[in-house]
A.B. asks: 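Below is a structure I'd like to ask you about.
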Amino acid sequence: MTARGGISAFQFFCTVFVCRAIALFTFIITNKESFPPGDRAVLFAPLALVGTAAVIPVLLVLGKREDRTLFALTDRLHPAVSKGAALLYTAGAVWSAGVSLTRFDLFMSTVMFSGAKLLGLILLLAASAVPVALRGRETVARMSLPVLALLAASLVYVGVTVIGEFAPADLELPLRNGVLPLFRNARSAVARTGELAALLVFAPHIRGGVKKGVFLWWLSFGVTGSLLYTLTTGVLGAYGERQMFQLYALTVLSKLGAAERLDALICAIWVLCSLVRLAFHLIVAGMFLEGGFRVHRGAPLYCGLALPVLSVYFVLSRSVTVFARVIGSGINDLIFLLLLIAAPLSVLAAVKIKTHVQAKKGIL
Amino acid sequence: MMCKRIKNALLPVVILLILCVQGCACPQGTELSKRLIVEAVGVDLDDGAYKVTLQALDAHAAGQSDDPNENGSRTRLCSFTGATVGEALAGAAAETGLTPLYSQARVLVLGRSLAEQDVSAPLDFFLREYHTRSDILIAVADASAADILAADPGGSVPGAVLLEEALLTGSENGECCAVKLFRFTGFLLSETDTAYCPVVRLRSEDKGERPTAAPGETAFFQNGRLAFTAGPEITRGLLFLTDAVKKTSFTVRGEDGAYTLRVAKTDTTVRARKTDTDGAAFTVNVTAVCDITEFAASRFPDLGETQAARAQTAGTAYLQQLLNDAFGFLYGEHGADVCRLARRAALRFPKKEAAFREELARKTADIRLNAVLTVRRTGKENLS
Amino acid sequence: MLYKKAAENAQAVKARFGGSFDLAIREFGIGGKPAAAVFLDGMCDEMKITESIIKPLTDEKNFSLFESREQAIRQTAFKGLGLKEIGDAEDAAHTVTEGNFVLFLENGKTAFAFSMQGFPKKAVSEPQAEMNERGSGESFCDSFKDNAALLRRRLKTPELAIEQTVVGKTSHTDVLLCYLTNRADPKMVDKIRRRLRKTGLDNLPGSGCLKPFFSGGAPTLFSDTGFTERPDMLAAKLCEGRVGVITDGSPFALIVPYLFIDYFHALDDYMSAPLYALFIRALRILCFLVSAVLPGLFVATCNFHPEVLPPNIMPDIAAAEARTPFSLMFEAVAIHLIYEIVREASLRMPVAVGSAVSIVGALVVGDAAVTAGLIAAPMLMVVALTAISSAVVSKLHESLALIRFAMILLGGLTGFFGIFAAGGLLLADICGAGAFGVPFSAPFTPWIGKEQSDALRRDGWRKLARRRQSIKELELG
């Protein structure tokens, strides 16, 4: 077997997994009544179904051979459509990166460096992400595997060391509020996963089955999240429900012999995940700009993209209330709807109509 | 060419800028020698104000001293007072010139008077503070937490370490319970569970040496305050009921002599079921596997199958009595749901959760305790 | 173009050498006609010249059966003396610099060069930088011909191609390109060949100067071109389809391309049981990590994350640090600087003062610093462990030295956060590097299952024999 280029589907989904993992660890469950612990344990099933269904428009854009980009379609409509699409998706990627930075800042300033200024650390993270992004998508995809392995090892360590504190009596039965709230929570979780929009530009560079990979990815991510939340509920009980960052509270308990409070080290691994996530978003934004405006993806572009990311961060990080209000306003749902459903479907429909009209006119 | 020059000049400027921002916009580290390494924390309520006592390592004194066995040179005791725990500890840095570090604190002792008022207020500080370990052991002082912390026997090992070891070893041996802060808090927050923790008292050595702190009874909390305490036998029963016993020994009297049984392993299961009339019913099964470590009888008799069976019967009776007494005292007299029956009922019968909880509160639920003790080993002597 | 007179040709060559004292000219008669020879005294073996060339040339019996002296030289035993024909004085001058004996005949159309090298060179010795327990005791030497012979002894196959080229406009250093024609990718070999030709170097003092020319693009902390002083190691790598570059005057051969995991391989791994090989390779990787991040982690832990320290040792560390006047970060930087100074001194110093430097180094760092209370004992322990770990992966010393200092500074300023952010950059560096289409981080990422048989773990020889490793499997198209 000889060489191959690009990245494999496995690498791509590992990268997306790492990006989502950090979002999972820094996720704050604001409305615990509507998302009880029992439901968190079984969320993986509806998540896989809803998630796969939600990404169908994107998969349709990829075409049968899974190598078509969004711009292959928008270029057939009008150059302005390509530019508009590029701006839209770039804005989405920048927003997602900025929110990610803000969430990370909130996490770090709450649990680790409480009361301290974190601007320097955030700048360090952003400054580190630019050279990583400059290395290219293959580099980020290759990085994701060791980072994922490290993450998995840390989670296994946490699981093994805290399992002794697991009290089945602390668990709750799922579906206490019925099936609908469960699917509503699944929809909400799916709406936060904008990373899959990257398929619209990554597709030609991915080898292997993307469509099969999407379902498997949702399932594995869902199962991981469900397992972690089940462990959290069983170990921490009512104490855990009061914690802002429940998964972090679990890592605090992990202890093996003389090794105690390795939560700081585990959080440092989450820094790696943040780095991958940030670099991934920069690359995606760069690729959309390259597709729409034919710009060269170099240092000036990535530095230029880092500025709006930091601007979003500066605005959202002013206070927790501002951040919570913005996030709770349903903006994620809107962005997901727009970028992963409305835009791809609109483009597909427009291309189909144009083809039909041109066929009628005998142009084709 | 001009563009390249600008780029070449920009890069070091940007790096310098990032370093400067980092220098003034990053959290500042604190050297270990500038930290007050807290080993134990005691909180008392004194005339409406919180008195927080810290047993801490004096790194400077320890650094000066070359003799590790020099008494009292490595630890220091300091007390601070304030309207809240946070306010009291805010003065710690100013008074000592060191930044307190709570990550090495082993034990959190609450004074008796404070425990009888409200524990959630003082606990809140330690739950929110990043460095505090959520598995720090919590205890209630027989009288004053400050006295407990002051009972440092001296030597190279701080009193807090000894107290922690006493609690952990006592818990393993079925003498006392060892409750971690997060577990205690979870029980406090729960609507149905009962929080409990060991009571620590001062014990003076016979030779008149410095007193040591040791656990004895167990304190139970209801509505966030100390409601009642239970003695050693009830504590032992509690440990069996909550499946917290790792190894313990007890002596039972049989027809032929006194058998000392050492518990090798235990298992406690709680099953929730419905009665014929759809009422709440629970079965608590405690099984213990024991070894006979001593058979105190005259003239060294052999320990045959008959004696082993008698030991088993006596042991089972003892265990049953222990469970009945403990459960009767805790649940029967005080309504403490130490077996978490309400939670198990909610898991098993979610639709009848409210009804079952009502029955438990009214103590009309059918609760059966079954003790099963089996003898595994009878020692090196041959069976006759 | 040659002059008609042999002596004039010889003088032309002498003039080219600007009056160098060591350019010798010998004029003698062959068959009654004048002849002149030039050679560099010290580069040629004079005894061999006299016995193999001058005596036979001046013996008339050797020319009686031939029409001319040129024919006689071309068709007799002189051919076996590395005979080359040269058309002009400039080429003759260059040939002389290679240790050849150049003969000009009166009215001759060509000059003849005979390989008469007898210059002083180092003999084949034991490897100094790559120690092995059970491997061969031979290492490359300074002579490229001897090195080629050492390689040929280990790969007795006509598939071993050794191409000679010259690098350096002034030094004209001989460089050999070695590869197995049935294993190496011809496109990769061609690329390497072209890069060698385009170096534009004036002088090539050693093989290390060629490394940057084989790198794949962006600057990186870790070189994707390896080096070895062991012929057995080079032979093994060539069997995997890689290319070796041997430079005259350098006992280190380059291996192109080189993977990150190769830095943790040693030949002894192949002589041990597979399980032990796995253990020892994992240990080397651990040593790399310890050497790179342990000092930084220690500083970060003490300053930012003291809760990580076990409760039993934290008081001792705090007490030890309380005795010293400097901050932990300063101590770490200072002690590591001292270590680098001692290391550099031990590399550069004359042998005669070696023991004195060792004593001073041990006294200064080991005893005086701690006794005087300048450095704490825990920090010294950390440095010792770092230094020993660094010695395990000595090929990565340069990268590790830089990484270590960066980690100490980041750990002291930003804690674990900065260390892991830098770790991410390093990981990106490793994952992004790669020469000639072979990712530096292969076969781990991208994960190539078939090549795992000799990456971290090593399959048994029965399995390895059935499926040979190949760098082609790792190439990206």
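Convention: sequence-line order gives letters A, B, ...; per-chain numbering from 1.
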A.B. asks: Is A:Leu134 close to chain C through its backbone or its side chain, or both, or neither, when contacts mean heavy atoms under 4.5 Å?
C.D. replies: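 Interface part for A:Leu134: neither.
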A.B. asks: What is the minimum heavy-atom distance between C:Phe420 and A:Ala268, and which atoms define it?
C.D. replies: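 Heavy atoms only, the tightest pair is CD1-CB, 3.2 Å.
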A.B. asks: Hey, is CG on C:Leu286 packed in by over 12 heavy atoms from elsewhere, all under 6.0 Å?
C.D. replies: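 Count over threshold, so yes.
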A.B. asks: Nearest 0.5 Å please: distance from the OG1 atom of A:Thr139 over to the CG atom of C:Leu427.
C.D. replies: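 Rounded to the nearest 0.5 Å, the OG1-CG separation comes out at 10.0 Å.
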A.B. asks: Supply the atom-to-atom distance C:Leu425 CG to A:Leu272 CG, rounded to the nearest 0.5 angstrom.
C.D. replies: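 Here the rounded value is 10.0 Å.
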A.B. asks: Is there a donor-acceptor pair closer than 3.5 Å between any side-chain N or O of A:Arg261 and the backbone N or O of C:Glu307?
C.D. replies: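 No, the answer is negative, given that no donor and acceptor are paired below the 3.5 Å cut-off.
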A.B. asks: Closest heavy-atom contact between C:Phe417 and A:Leu124?
C.D. replies: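 Looking at all heavy atoms of both residues, the shortest contact is CD2-CD2, 4.3 Å.
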A.B. asks: Within a 6.0 Å radius of atom CD on C:Gln452, are there more than 12 heavy atoms belonging to other residues, nucleotides or ligands?
C.D. replies: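 Yes, the 6.0 Å shell around CD holds more than 12 heavy atoms from other groups.
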A.B. asks: How far apart are the closest heavy atoms of C:Thr445 and A:Gln11, and which atoms are they?
C.D. replies: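 Answer, listing the atom of C:Thr445 first, then A:Gln11: OG1-NE2, 3.9 Å.
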A.B. asks: Do other residues, nucleotides or ligands put more than 12 heavy atoms under 6.0 Å from the CZ atom of C:Phe444?
C.D. replies: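 Enclosed: over 12 neighbouring heavy atoms sit under 6.0 Å from CZ of C:Phe444.
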A.B. asks: Could you tell me which non-hydrogen atom of A:Arg142 sits nearest to which non-hydrogen atom of C:Pro439, and how far apart they are?
C.D. replies: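 In terms of heavy atoms, the two residues are closest at NH1-CB, 3.5 Å.
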A.B. asks: Can you tell which part of A:Glu260 gets under 4.5 Å to a heavy atom of chain C, answering side chain, backbone, both or neither?
C.D. replies: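 Contact with chain C: backbone and side chain both.
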A.B. asks: How close do A:Val132 and C:Ala428 get, counting heavy atoms only, and between which atoms?
C.D. replies: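 Minimum heavy-atom contact is CG2-CB, 3.7 Å.
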A.B. asks: Minimum heavy-atom separation for C:Val308 to A:Ala264, with atom names?
C.D. replies: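 So the minimum-distance heavy-atom pair works out to CG2-CB, 4.1 Å.
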A.B. asks: Could you check which of C:Thr301, C:Leu309, C:Ile313, C:Asp429 has the highest count of heavy-atom pairs closer than 4.5 Å to chain A?
C.D. replies: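 Looking at each of C:Thr301, C:Leu309, C:Ile313, C:Asp429 in turn, C:Asp429 comes out on top.
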